[in-house]
Structures are given as C-alpha cells and as structure tokens.
Amino acid sequence: MKKLQKEKSRHLMINRLTYFHNPIRRKVFKIVGIALLIVGFVIIGAFLSQLVFLALGINPVGSENSLLELEDESEVRMILLLLQGLNTLFVYIFLPLIYIYFFQNDLKRVFLIRTEKLGMFILLSFFIFVTALPITSYLIEFNQQMQIPAWFSELQQDLLEKEALAQKITELIVIYDHWYEIIPILFVVAILAGIGEELLFRGLVQNEICGILKNHHLGIWISAMLFSFIHFQFLGFLPRMALGVLLGYLYFWSENLVVPIFIHIINNAFTFTLLNFYHRNPDVEVSIASPTVILLAIIICGMLITVFYRHSLKMKKIQFF
C-alpha cells in the first residue's frame with residue numbers, strides 16, 4: 001500500500017514538473033508574466049508619484065475625485081498634468097529603462113537611431129496616419145455602439161461611469177484656458193506620453209513577446225492589445241488597439257523607435273487640437289465618413305503601407321512571411 005502511494009506521489013510530481021515543460025504553456029506563462037510586469041510598473045510608478053507629491057507638500061489621497069471638486073480649473077489642470085507627467089516618467093520611461101538595461105541588456109538596439117531611410121519612413125508614416133483617420137473615426141463609432149450581453153449590464157454601466165470620469169479628467173487636462181498652458185499640456189500628453197508609451201510597449205513589450213513567440217505578427221498584435229487594455233478606456237479599445245498594431249508594424253519594419261514615437265506624438269497632438277476645437281465650437285457637428293470615403297481610405301492606406309514595407313525590405317533584406 002505504501003509502495004503504491006509512493007508511486008502515485010512520484011507520478012504526480014513528474015506530471016507537475018512536465019506540465020511546465022510544455023512549450024506552449026511556457027510561452028503563455030511568459031506572456032502573462034509580461035502583462036504582470038506592466039501591472040507592476042503601474043503600481044510602483046503610482047507609488048513613486050505619490051511620494052513625489054508628498055515631498056512637494058501636495059496631499060495625493062483621493063486625488064482625482066477631490067481635485068474635480070476644486071473651483072480653479074487652471075490649478076486642477078496643473079496638478080493633474082504634474083500627476084500624469086510623473087506617472088509617465090516612472091511607469092513608461094524610468095522603470096522600463098531599468099528592466100531593459102538589467103534584463104534585456106539591449107538598450108543600444110532599442111535606442112539605435114538608424115538614419116538610413118529615416119526621413120522616408122517618417123514621411124510615409126505621417127501620410128499613413130492621415131489617410132487612416134476616416135478608418136479610425138469609424139472604429140471609434142463602432143466601438144461605442146457595441147453592446148455587451150444583458151447579463152453584463154452592471155459591468156457595462158460601471159464601464160460607462162468610468163469612461164465618463166476618464167473623459168472629464170482628460171478634458172480638464174487638455175482643454176486650456178490660456179495660450180501659455182498649451183506648451184506644458186502638449187509636453188505631457190503628446191511628447192512625454194509618446195516617448196514613454198512607445199518605449200514600454202514597442203521597445204520592451206513587443207520585443208519581449210516577439211522573442212518569446214518567434215513570430216512578430218503575434219507579438220505585434222498581443223502588444224497592441226496590452227497597449228489598449230492598459231489605458232482602461234474600453235469604449236475606445238478597438239481604435240487604440242488598431243493604432244497599436246500600426247505602430248508595432250512601423251517599428252518592426254523600420255527597426256527605429258523614432259518612427260512610432262513620431263506618429264504617437266502626432267496622434268496625441270491631433271487629439272488635443274480636436275478636443276479644443278470642438279470645445280470652442282460646440283455648434284460644429286461631428287460626422288462619420290461615408291462608406292465610400294472609408295473604402296478609399298483603406299485602399300490608399302494599404303498602398304502606402306505596402307510602399308513602407310517595400311522600403312523596409314530594401315533596408316533589411318528580409319521576407320515578411
């Protein structure tokens with residue numbers, strides 16, 4: 001009897017050990033580890049930001065909700081900008097740099113600025129972004145009209161409330177009252193965010209997942225999903241993920257982090273401009289592009305992406321598939 005129990009225990013231990021030897025499971029666990037790493041960055045970054053606030057004599061407890069109750073919007077805007085700027089520095093720049101330096105040992109490759117065809121890549125990426133705007137507007141509308149099953153109605157209501165709060169905070173940050181507020185706002189929401197988010201999601205996460213899966217297509221798409229998810233604005237999940245996919249391929253093909261950083265900055269600056277324009281011109285109606293315009297945008301965008309890809313082939317001499 002004892003011998004049988006020992007044999008069963010031995011087989012159970014072997015099964016547990018071999019469970020993690022399965023290559024697919026190991027890859028899944030590694031990707032989950034990357035997702036948890038991002039969550040860890042967010043938690044540690046928030047903690048460090050709170051410490052800086054305390055050092056500056058600002059009470060960070062209940063920051064966002066209590067700040068919304070203040071009467072001076074300019075003061076609220078500057079505090080929120082400082083909070084967002086600190087979070088971006090810690091979560092998207094400082095902590096990823098430490099990880100890349102000590103665990104990837106690849107800072108040089110991530111920050112290598114390849115001058116070959118850089119001007120061409122930046123110009124093409126800009127035209128791709130512009131021609132994709134009708135597609136983006138359609139994805140935004142489609143995402144907002146999506147309905148989740150009735151048994152998730154409470155979750156949907158909770159998401160809508162969180163989305164409304166996030167929208168209110170965003171408007172408080174980016175809609176300026178005085179012209180001199182434009183520079184700090186653009187620095188935080190466009191330049192700093194563009195550099196930081198691309199460093200984390202393309203420079204670290206995408207490179208890590210592509211290395212784990214040995215498949216850059218899966219690596220780009222999974223990184224884009226994580227990129228969209230971490231914003232916690234689920235009514236904009238699809239367009240943000242599409243942006244992440246585009247940025248991922250632009251980075252992979254150009255092998256230059258400057259290209260997705262440039263487009264990310266342009267995207268955020270464009271959003272800043274639109275929000276302020278519609279805020280100052282409430283009578284202007286927001287219209288979705290017609291199906292013909294969207295189809296034309298898809299065709300032109302596809303052609304430009306093909307040109308971009310062919311230029312990358314000439315530079316890297318690799319095959320796409």
Visitor: State plainly whether one hydrophobic cluster holds both Phe270 and Ile128, where clusters connect Ile, Leu, Val, Met, Phe, Trp and Tyr through side-chain heavy atoms under 4.5 angstrom apart.
Guide: yes
Visitor: Is Leu124 reachable from Ile299 through a run of I, L, V, M, F, W or Y residues, each pair having side-chain heavy atoms under 4.5 Å apart?
Guide: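 Looking at the clustering, Leu124 is in a separate group from Ile299.
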Visitor: Any heavy-atom pair between the side chains of Leu226 and Ile209 that's under 4.5 Å?
Guide: yes
Visitor: Check whether Gln84 reaches the backbone of Val189 with its side chain - one donor and one acceptor, N or O, closer than 3.5 Å.
Guide: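 No.
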Visitor: Could you tell me the separation between the CD1 atom of Ile100 and the CG atom of Leu95, rounded to the nearest 0.5 Å?
Guide: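 Output value for this atom pair is 11.0 Å.
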Visitor: Between Leu296 and Leu246, is there shared hydrophobic-cluster membership here, with clusters defined by ILVMFWY side-chain heavy atoms closer than 4.5 Å?
Guide: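 Yes: a chain of side-chain contacts under 4.5 Å links Leu296 to Leu246.
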Visitor: Is the shortest heavy-atom distance from the side chain of Ile98 to the side chain of Phe102 under 4.5 Å?
Guide: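 They are in contact (side-chain heavy atoms under 4.5 Å apart), so the answer is yes.
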Visitor: Once side chain to side chain contact (heavy atoms under 4.5 Å, CB included) is applied, do any residues pair with Thr273, and if so which ones, sequence neighbours excluded?
Guide: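 Once residues adjacent in sequence are excluded, Thr273 has no partner under the side chain to side chain contact (heavy atoms under 4.5 Å, CB included) criterion.
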Visitor: Does some side-chain heavy atom of Tyr99 sit less than 4.5 Å from a side-chain heavy atom of Phe41?
Guide: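 They are in side-chain contact.
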Visitor: Let's go through Leu86 and Leu48 carefully: what are the C-alpha distance in whole Å and the side-chain angles of both, what is the deciding distance for side-chain contact (heavy atoms from CB on, under 4.5 Å) to 0.1 Å, and is it a yes or a no?
Guide: CA-CA 8 Å; Leu86 288 171; Leu48 292 174; over 6 Å; no
Visitor: Are Phe277 and Ile173 connected in a single hydrophobic cluster, I mean Ile/Leu/Val/Met/Phe/Trp/Tyr linked by side-chain heavy atoms less than 4.5 Å apart?
Guide: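 Ile173 clusters together with Phe277.
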Visitor: For the side chain of Ser228 and the backbone of Ala224, is there at least one donor-acceptor N/O pair under 3.5 Å apart?
Guide: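 No; zero donor-acceptor contacts below 3.5 Å.
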Visitor: For His216 and Tyr249, test the side chains for any donor-to-acceptor distance below 3.5 angstrom and give the result as yes or no.
Guide: no
Visitor: Name every donor-acceptor pair, under 3.5 Å, that has one atom in a side chain of residues 27-36 and the other anywhere in the protein, sequence neighbours excluded.
Guide:
none

Visitor: Could you report the tightest heavy-atom contact between Pro134 and Thr131, atom names first, then the distance?
Guide: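 Shortest heavy-atom contact: CD-O, 3.3 Å.
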Visitor: Which heavy atom in Ile220 sits nearest to a heavy atom in Val245, and how many Å separate them?
Guide: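 Between these two residues, the closest heavy atoms are CG2-O, 3.7 Å.
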Visitor: I'd like to know if the side chain of Asn276 reaches the main chain of Phe272, judged simply by a donor and an acceptor atom lying under 3.5 Å from each other, with no hydrogens or angles considered.
Guide: yes
Visitor: So, the side chain of Asn215 versus the backbone of Cys210: is there a donor-acceptor pair under 3.5 Å, distance only?
Guide: no
Visitor: Could you check Ile300 against Phe127 for side-chain contact (heavy atoms from CB on, under 4.5 Å), going step by step and ending with a plain yes or no?
Guide: CA-CA 10 Å; Ile300 297 174; Phe127 285 128; over 6 Å; no
Visitor: Under a single-linkage definition using a 4.5 Å side-chain heavy-atom cutoff for Ile, Leu, Val, Met, Phe, Trp and Tyr, are Val42 and Val39 assigned to the same hydrophobic cluster?
Guide: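 Result: no, two separate clusters.
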Visitor: Any idea which heavy atoms bring Ser223 and Gly219 closest together, and the distance?
Guide: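 Closest heavy-atom pair between Ser223 and Gly219: OG-O, 2.6 Å.
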Visitor: Tell me, with the steps shown, if Ile266 and Phe262 meet side-chain contact (heavy atoms from CB on, under 4.5 Å).
Guide: CA-CA 6 Å; Ile266 293 295; Phe262 170 75; 3.9 Å; yes
Visitor: Are any of the side-chain heavy atoms of Met303 and Val307 separated by less than 4.5 Å?
Guide: no
Visitor: Work out which heavy atom in Gly203 is nearest to a heavy atom in Leu257; give both atom names and the distance.
Guide: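 It is N-CD1, 4.0 Å.
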Visitor: Testing the basics here: between Gly194 and Ile265, what is the closest heavy-atom pair and its distance to 0.1 Å?
Guide: CA-CG1, 4.1 Å
Visitor: Kindly assign one of parallel, tilted or perpendicular to the pair Tyr309 and Trp253, based on the angle between their ring planes and the thresholds 30° and 60°.
Guide: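 Judged by the thresholds at 30° and 60°, the geometry between Tyr309 and Trp253 is tilted.
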Visitor: Could you go through Ile230 and Phe201, starting from their C-alpha distance and side-chain angles, then the distance that decides it, and tell me whether this counts as side-chain contact (heavy atoms from CB on, under 4.5 Å)?
Guide: CA-CA 10 Å; Ile230 203 66; Phe201 288 100; 3.3 Å; yes
Visitor: What residues form a ring pair (Phe, Tyr, Trp, His ring centres under 6.0 Å) with His279, not counting sequence neighbours?
Guide: none
Visitor: Tyr251 versus Asn256: any side-chain heavy-atom pair under 4.5 Å?
Guide: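 No, their side chains stay 4.5 Å or more apart.
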Visitor: Hey, is CZ on Phe229 packed in by over 12 heavy atoms from elsewhere, all under 6.0 Å?
Guide: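 Counting other residues, nucleotides and ligands, CZ of Phe229 stays at 12 neighbours or fewer.
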Visitor: Looking only at non-hydrogen atoms, find the nearest pair between Glu181 and Asp177 and report the distance.
Guide: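 Smallest interatomic distance, heavy atoms only, reads OE1-N, 2.7 Å.
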Visitor: Hey, what do you get for CZ (Phe227) to CD1 (Ile38), rounding to the nearest 0.5 Å?
Guide: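 Answer rounded to 0.5 Å: 11.0 Å.
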Visitor: Could you tell me whether the side chain of Tyr92 reaches within less than 4.5 Å of the side chain of Glu198, counting heavy atoms only?
Guide: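 With C-beta onward as the side chain, the pair stays apart.
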Visitor: Relative to each other, are the rings of Phe142 and Tyr138 parallel, tilted or perpendicular (30° and 60° limits)?
Guide: parallel
Visitor: What's the spacing between Leu186 CG and Tyr176 OH if we round to 0.5 Å?
Guide: 9.5 Å
Visitor: Would you compute the distance between atom CE of Met225 and atom CG of Leu238 and round it to the nearest 0.5 angstrom?
Guide: 11.5 Å
Visitor: Measuring from atom CG of Leu97 to atom CG of Leu204, what distance do you get when rounded to the nearest 0.5 angstrom?
Guide: 9.5 Å
Visitor: Is there a side-chain contact between Phe126 and Val130 in this structure, where contact means two heavy atoms from C-beta onward sitting under 4.5 Å apart?
Guide: yes
Visitor: What distance separates Glu208 CD from Ile222 CD1, expressed to the nearest 0.5 Å?
Guide: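 Rounded to the nearest 0.5 Å, the CD-CD1 separation comes to 13.0 Å.
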Visitor: For residues Ile261 and Leu247, determine if any side-chain heavy atom of one lies less than 4.5 Å from a side-chain heavy atom of the other.
Guide: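 The answer is no, as the side chains (C-beta and beyond) never meet within the 4.5 Å cut-off.
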Visitor: Answer with yes or no after comparing the ring centroid distance for Phe121 and Phe308 against a 6.0 Å cut-off, counting only values under it.
Guide: yes
